[in-house]
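Within every chain, numbering begins at 1; the chains are lettered A, B, ... in the order of the sequence lines, protein sequences first and strands thereafter.
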2 protein chains.
Amino acid sequence: MRLVIARCSVDYDGRLTAHLPLATRLLLVKADGSVLVHSDGGSYKPLNWMSPPCTMAEVEPDEAQAGDGVVAVWRVQHAKSEDRLTVLIHEVLHDSEHELGVDPGLVKDGVEAHLQRLLAEHIHTLGHGWSLVRREYMTAIGPVDILAKDSTGVSVAVEIKRRGEIDGVEQLTRYLELMNRDPHLAPVTGVFAAQQIKPQARTLAEDRGIRCVVLDYDALKGIDDAESRLF
Amino acid sequence: MRLVIARCSVDYDGRLTAHLPLATRLLLVKADGSVLVHSDGGSYKPLNWMSPPCTMAEVEPDEAQAGDGVVAVWRVQHAKSEDRLTVLIHEVLHDSEHELGVDPGLVKDGVEAHLQRLLAEHIHTLGHGWSLVRREYMTAIGPVDILAKDSTGVSVAVEIKRRGEIDGVEQLTRYLELMNRDPHLAPVTGVFAAQQIKPQARTLAEDRGIRCVVLDYDALKGIDDAESRLF
DNA sequence: GCCTAGGTCCCGTTA
DNA sequence: TAACGGGGCCTAGGC
């Protein structure tokens, strides 16, 4: 990993064109050749960048560039597309190289998959006498997160989201339309379950007879922990 | 901006929990207090991070941590939530501070807004004799990108995307349903215009009688430039 | 302030 | 390989 602090201007040309005027920035060159251009604020997203696979070449400025005060030019070319990043360096304030090695990677917990597992294991939180048929129930247009039966034996398709928005309701609607055409399953009702449900999504869902349920991840995990302590 | 290369482990606890085992990484502390943890590969996204507004405190390791070889602990706490990042530093290999100043920011060209402007100005590329009614035509459920009239005077709602996927077709369908209930507008036909249209989206659109048009940004810009040169 | 829509989205998973 | 769905999404614009 190479770290360079430099006064520079940057141009990106590819899926769009973008330009950064002359200023002092961090240029970060990773071992795989990718380049990030960071300012001293904003978010984790660089101002500009080139993703791997790509190659970086440091070339001499031409006469016009040298006349403008450019001391070096970086050409970063993506290997599989026409995307190109050009850095015109006017002054180098820091330049260091570091050996990092391969990273063991990130371990996550608490995303949608966990919500789905927890809700499947405690399907009775949706209603007394409910039972799980299966998770990831396959249909012709994709998997339904959970298929269950209510206390009267009627099939229920459950769509789970961390944040319930309109496209999640559309997705569940497509599943319900399809499943209700299957005489072995019909009638199938719908439950839209999310940690948070946007007003537009709730309105659309209820307009279509889909029940909305707000999930509490910590409460579900609490039930899970309490039950596992019994064994 | 502070640049630290260190052997460290990192824990994030907030919207989810995540852990990075001990390895050598770049720790980047920006002027606004935000912290990025980068490995020597992957993408522009850090392995872990804390977004501003947040505060970073460097504290002494406790006895147990010191016994594990920890020489310093960074506690990065988000100012408006319970999100917290903890970095346990085992060895510092580099540590430098740099003054960057405020960045003048990025200038972009070629995003959806530009496509919309270009297509609105050259609406005849969709059909001979077509005319623009207006961009961002407001409806009860949101703005339609472009409302136009074809050569016979029939209203056309145009939805523009850089990449045309299924939810764009759903969006246009909702607009069309609503607008066709308005006797002043009906009948309204639909055009789904994008630089690239996914097969599933095309199938769904055509099944609903929506015409699909692939846009060529460079060609539209060429027309634009050619016309502007006439004046 | 919240909410919506777009992104050089990125990135994993799966058909 | 291409497409689809999720993200600690982030970020800009509208109300």
According to a strict under-4.0 Å criterion, is [X] in side-chain N/O contact with OP1 or OP2 of [N]?
X      : N     : answer
B/Q200 : D/dC4 : yes
B/R163 : C/dG6 : no
A/R162 : D/dC9 : yes
B/K161 : C/dA5 : no
B/K198 : D/dA2 : no
A/R84  : C/dT8 : no

Please report, rounded to the nearest Å, how far the [atom2] atom of [N] is from the [atom1] atom of [X].
X      : N      : atom1 : atom2 : result
B/L47  : C/dG12 : CG    : P     : 11 Å
B/E112 : D/dA12 : CD    : C1'   : 13 Å
B/Q196 : D/dC4  : CD    : C1'   : 13 Å
B/Q116 : D/dG13 : CD    : P     : 14 Å
A/I197 : C/dT4  : CD1   : P     : 13 Å
B/H114 : C/dA5  : NE2   : P     : 21 Å
B/Q171 : C/dT4  : CD    : P     : 12 Å
B/D109 : C/dG6  : CG    : C1'   : 16 Å

Which part of the nucleic acid, if any, lies within contact of [X], taking any heavy atom under 4.0 Å across all strands shown: a base, the sugar-phosphate backbone alone, or nothing?
X      : result
B/E165 : nothing
B/M50  : base
B/Y12  : base

Quick one: which of [options] gets closest to the side chain of [X]?
X      : options              : answer
B/V111 : C/dG7, D/dC10, C/dC9 : C/dG7
B/N48  : C/dC10, C/dG6, D/dG8 : D/dG8
B/E159 : C/dG6, D/dG6, D/dC9  : C/dG6

Taking C-beta and beyond as the side chain, do A/W74 and A/V29 meet within less than 4.5 Å on heavy atoms? yes
What integer number of Å spans the C1' atoms of D/dG6 and D/dC10? 14 Å
Aromatic-base stack, A/W49 on C/dT8, cutoff 5.5 Å, angle under 30: yes
Tell me the salt bridge (Lys or Arg N to Asp or Glu O under 4.0 Å) pairs involving residues 104-113 of chain B, sequence neighbours left out? B/D109-B/K221
Pairing of DNA chain D as dot-bracket, 5' to 3': ( ) intra-strand, [ ] crossing, | other strand, . unpaired, with Watson-Crick or G-U pairs under 3.5 Å? |||||||.|||||||
For the residue pair B/Y44 and A/W49, does the interplanar ring angle fall in the parallel (under 30°), tilted (30 to 60°) or perpendicular (over 60°) class? tilted
